[in-house]
Amino acid sequence: MVTVVPRLVIAAPASGHGKTTVTTGLLAAYASRGLRVSPHKVGPDYIDPGYHALASGRPGRNLDPYLVGPHLVGPLFAHGAAGADLAIVEGVMGLYDGAIGHGDLGSTAQVAAALRAPVVLVVDAAAQGRSVAALVHGFRTYEPSVWLGGVILNRVGSDRHEQILREACEEIGTPVFGALRRRDTIKTPSRHLGLVPVAERSPEATEAVAKMGAVVAESVDLDRLLWLARSAPPVSADPWSPSDAVGGAVSGRPVIAVASGAAFTFGYAETVELLEATGAAVARFDPLHDEALPEGTAGLVVGGGFPEVHAEKLAANEPLKKAVRDLAASGAPIAAECAGLLWLTKSLDGKPMCGVLDAEAGMTPNLTLGYRSAVAISDSQLLPEGTRVHGHVFHRTQVEPRAGVRPAWQWQGRPPEGFVQDGVHASYLHLHWAAHPGIARRLVDAAARLQRRTAPATPDGSAVAVDPIPTLVDVPRETPMAGGTTAPAADDTPTAVVVGDAARPTAGDAPTAVVVGGGARPAADDTPTAVVAVDGAAVTSAPADERAEADERAEADAAAAKARAEADAAAAKARAEADAAIVNARSEAGASAHEGASAEDGAGGHVAPVKDENAEKGSSPRVSQTDAPGSAPDRDGS
């Protein structure tokens with residue numbers, strides 16, 4: 001499919017030049033003109049997209065080639081920009097800054113080239129004169145695949161200063177689309193992890209966004225800039241589909257509770273879209289105010305945010321904390337990232353949290369920030385053991401112990417991290433689920449099984465079947481039967497049993513019965529267990545010798561599965577040892593790995609990367625399965 005949405009990429013020579021102010025102002029200015037504007041952000045940033053969403057009225061979306069793979073950048077853009085009149089993409093750090101050690105992977109330049117989008121460079125000219133031309137010329141010629149369409153000058157001191165800057169840019173043939181003066185009227189407060197999220201400071205955030213829109217509207221030639229956006233050539237990109245990604249929906253619509261509100265603001269829009277596409281009924285709740293989980297909750301997702309800022313209110317919500325403990329004790333799937341991890345511990349800075357995990361958390365002076373290439377080292381409700389992922393970490397807290405008995409992750413040069421406990425998966429690592437849609441699938445499947453286990457008895461007193469394997473509702477599988485009827489194909493996925501006058505999912509690995517027309521027929525399998533007529537009149541059972549034979553087959557299958565698992569584990573261990581040997585050899589040769597940051601500037605400064613002082617040296621990752629983004633070789637870096 002060809003995408004023709006007009007589009008711009010807003011970049012800068014470095015963090016701190018004012019990309020967020022300009023991008024947010026442009027979104028607000030064009031939206032006030034009645035245009036449908038689609039906001040996007042390069043990198044893993046959660047906070048800037050919140051301001052983008054407030055300015056545009058559409059979800060802020062991230063485009064991060066490191067997290068999702070370069071192959072998904074175009075499809076995710078096309079998905080987010082569908083129906084828009086204009087798409088504006090805010091870059092990350094400097095135009096050519098990306099994941100350290102991976103070339104241009106994750107850079108604004110890579111995204112701009114992939115989208116064939118013109119780049120507008122925001123330049124802080126407060127301490128520059130004619131030298132701005134040399135700076136702009138260097139960025140314009142550095143990479144031929146990047147189309148630098150012009151500049152917007154920021155922090156211009158006077159009319160004379162603006163004239164000098166414009167004349168210098170004209171000498172090198174670079175258009176100037178606007179000049180923003182130095183002013184203190186726009187306040188976007190920051191703290192230990194950057195800008196304060198929109199959810200925490202409305203109506204102040206609303207006022208700040210309105211001011212950004214007004215300043216940009218009076219300082220930038222919006223018509224000329226829109227013409228540049230409309231000159232972007234078509235780009236081939238089939239829109240990403242959450243339904244296609246997860247393979248359709250399961251039955252039962254299990255309720256997945258998603259934490260929101262001021263304490264839990266970090267999350268990607270695609271996470272909820274994937275959950276809903278898998279058949280979940282997503283119910284948001286605010287742990288700062290709601291004393292109960294949404295009714296019928298069978299699964300829980302708690303993303304990142306700032307629980308440390310709201311620790312007292314979270315600690316005081318005893319009813320909700322007990323509800324979360326009870327949910328965890330039931331075996332329900334719980335996915336917790338960063339802030340979610342902190343909330344599930346026994347305490348945060350001495351204040352009691354949910355107590356699901358036997359761990360303590362607290363603030364530290366050190367910032368841990370950067371991309372991570374990690375391996376799942378425990379099988380969980382989210383991912384199989386051995387799955388490799390690309391994620392990022394962003395926190396100033398520390399959890400002791402760093403990992404549970406069954407750790408979640410391991411990455412190069414660090415000890416294991418995170419907790420896998422019953423249905424709980426909790427760690428500091430943030431993931432973009434579009435790169436791993438199986439997470440949503442597994443989570444909703446687990447929630448559906450829990451929902452069926454805990455469902456009340458039917459009116460006639462019979463119990464609902466226990467723990468079935470869900471069947472995709474949009475992938476019918478049928479086998480012709482006598483009389484022109486059909487039954488499910490002969491595989492190991494149960495279909496239904498008849499309970500009273502209703503069909504219910506079966507409670508095991510072998511089909512029990514299927515409903516065909518007005519009655520029930522045996523499932524298309526070698527060992528039918530029962531046939532139940534709708535009126536309950538006919539019931540037949542398999543002979544004892546057939547049941548014994550079925551049991552023997554099941555034992556043989558289990559033994560074969562165990563043997564395959566042991567073989568996989570042995571192979572994984574061998575690959576891990578080989579990986580470790582390669583890493584050690586590179587280390588002895590003087591190679592070094594870098595971990596860096598992609599913190600964003602917002603309206604003023606930026607958060608500088610700091611070495612991860614909380615982590616200790618550890619072993620290399622174990623790898624038994626690859627699930628990487630199809631880009632450069634996996635290495636730590638940002």
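Count residues from 1 along the sequence.
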Review point. How far apart are the C-alpha atoms of V92 and D97, what are their side-chain angles, what is the distance that settles it, and do they pass the side-chain contact (heavy atoms from CB on, under 4.5 Å) test?
Key: CA-CA 8 Å; V92 61; D97 298 326; over 6 Å; no
**Study point:** Full working for side-chain contact (heavy atoms from CB on, under 4.5 Å) between Y142 and L95
**Key:** CA-CA 11 Å; Y142 180 76; L95 175 58; over 6 Å; no
Exercise for review: Mind running side-chain contact (heavy atoms from CB on, under 4.5 Å) on V68 and W240 for me, showing each step along the way?
Suggested key: CA-CA 12 Å; V68 303; W240 176 78; over 6 Å; no
Review point. Could you walk me through whether V235 and R7 pass the side-chain contact (heavy atoms from CB on, under 4.5 Å) check?
Key: CA-CA 11 Å; V235 60; R7 54 201 179 275; 3.8 Å; yes
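The heavy-atom pair separating S373 from W411 by the smallest distance is O-CB, 3.2 Å. Taking all atoms of both residues into account, the shortest heavy-atom contact from A237 to A78 is O-CB, 4.0 Å. The minimum heavy-atom distance between F177 and G150, with the atom names listed, is CE1-CA, 3.5 Å. Across all their heavy atoms, E90 and T20 have their closest contact at OE2-OG1, 2.6 Å. The minimum heavy-atom distance between Q110 and S107, with the atom names listed, is N-OG, 3.0 Å. Taking both residues in full, the closest heavy atoms of R58 and G80 are given as NH2-O, 3.0 Å, listed atom of the first, atom of the second, then distance.
For the pair S219 and R181, the minimum side-chain heavy-atom distance is 4.5 Å or more. Between H436 and V389 the shortest side-chain heavy-atom distance falls below 4.5 Å. Using a 4.5 Å heavy-atom cutoff, the side chains of L429 and E337 are not in contact. Using a 4.5 Å heavy-atom cutoff, the side chains of Y268 and P44 are in contact. Side chains of I256 and V272 form no contact here, defined as non-hydrogen atoms less than 4.5 Å apart. The closest side-chain heavy-atom distance from F77 to V111 is not below 4.5 Å. Counting heavy atoms from C-beta outward, V151 and F139 have side chains that stay 4.5 Å or more apart. Within the 4.5 Å cutoff, side-chain heavy atoms of L26 are placed close to those of L222.
Atom CZ of R36 and atom CG of L86 lie 11.5 Å apart (nearest 0.5 Å). Remark: I164 CD1 to R166 CZ distance equals 13.0 Å, nearest 0.5 Å. Taking CG of D48 as the start and NE2 of H40 as the end, the distance is 14.5 Å to the nearest 0.5 Å. Interatomic distance, OG1 of T364 versus CD of Q398, reported as 6.0 Å (0.5 Å rounding). Atom CG in L35 sits 6.0 Å away from atom CG in L226 (nearest 0.5 Å). From T278, atom OG1 reaches atom CZ of R442 across 13.0 Å, with rounding to the nearest 0.5 Å.
In this view, H137 satisfies the ring-ring contact (aromatic ring centres under 6.0 Å, His included) rule with no residue, not counting sequence neighbours. With sequence neighbours left out, W409 forms a ring-ring contact (aromatic ring centres under 6.0 Å, His included) with H425. Among residues two or more places apart in sequence or in another chain, the side chain to side chain contact (heavy atoms under 4.5 Å, CB included) test is passed with D221 by D223, R224. For A259, the side chain to side chain contact (heavy atoms under 4.5 Å, CB included) partners at least two apart in sequence or on another chain are F264, F285, P287, V302. The side chain to side chain donor-acceptor pair (under 3.5 Å) test applied to Q128 returns no partner, not counting sequence neighbours.
Residue F306 is tested with F266, Y46, F394 for a ring pair (Phe, Tyr, Trp, His ring centres under 6.0 Å); the sole match is F266.
One finds a salt bridge joining E273 and R61 here, because a Lys/Arg side-chain nitrogen approaches an Asp/Glu carboxylate oxygen to under 4.0 Å. In summary, R402 and E417 do not engage in a salt bridge, as defined by a charged side-chain N under 4.0 Å from a carboxylate O. Ion pairing of E167 with R130 is absent here, as no side-chain N (NZ or NE/NH1/NH2) approaches a carboxylate O to less than 4.0 Å.
Between the K19 side chain and the M93 main chain, a donor and an acceptor come within less than 3.5 Å of each other. Using a distance-only test at 3.5 Å, with no hydrogens or angles considered, a donor-acceptor pair links the side chain of S378 to the main chain of P407. When atom types are taken as modelled, the side chain of K41 and the backbone of V89 share no donor-acceptor pair closer than 3.5 angstrom.
Ring pair H430/H392 is parallel by interplanar angle, where below 30° counts as parallel and above 60° as perpendicular.
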Can I get a per-line list of side-chain donor-acceptor pairs under 3.5 Å for residues 116-127, giving both atom names and the distance, sequence neighbours left out?
residue : atom : partner : partner atom : Å
R116    : NH1  : P234    : O            : 2.8
D124    : OD1  : A126    : N            : 3.1
D124    : OD2  : R155    : NH1          : 3.1

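Using modelled atom types and a 3.5 Å distance limit, the side chains of E270 and H79 yield no donor-acceptor pair. Under 3.5 Å, the side chains of T397 and Y428 contain a donor-acceptor pair of N or O atoms.
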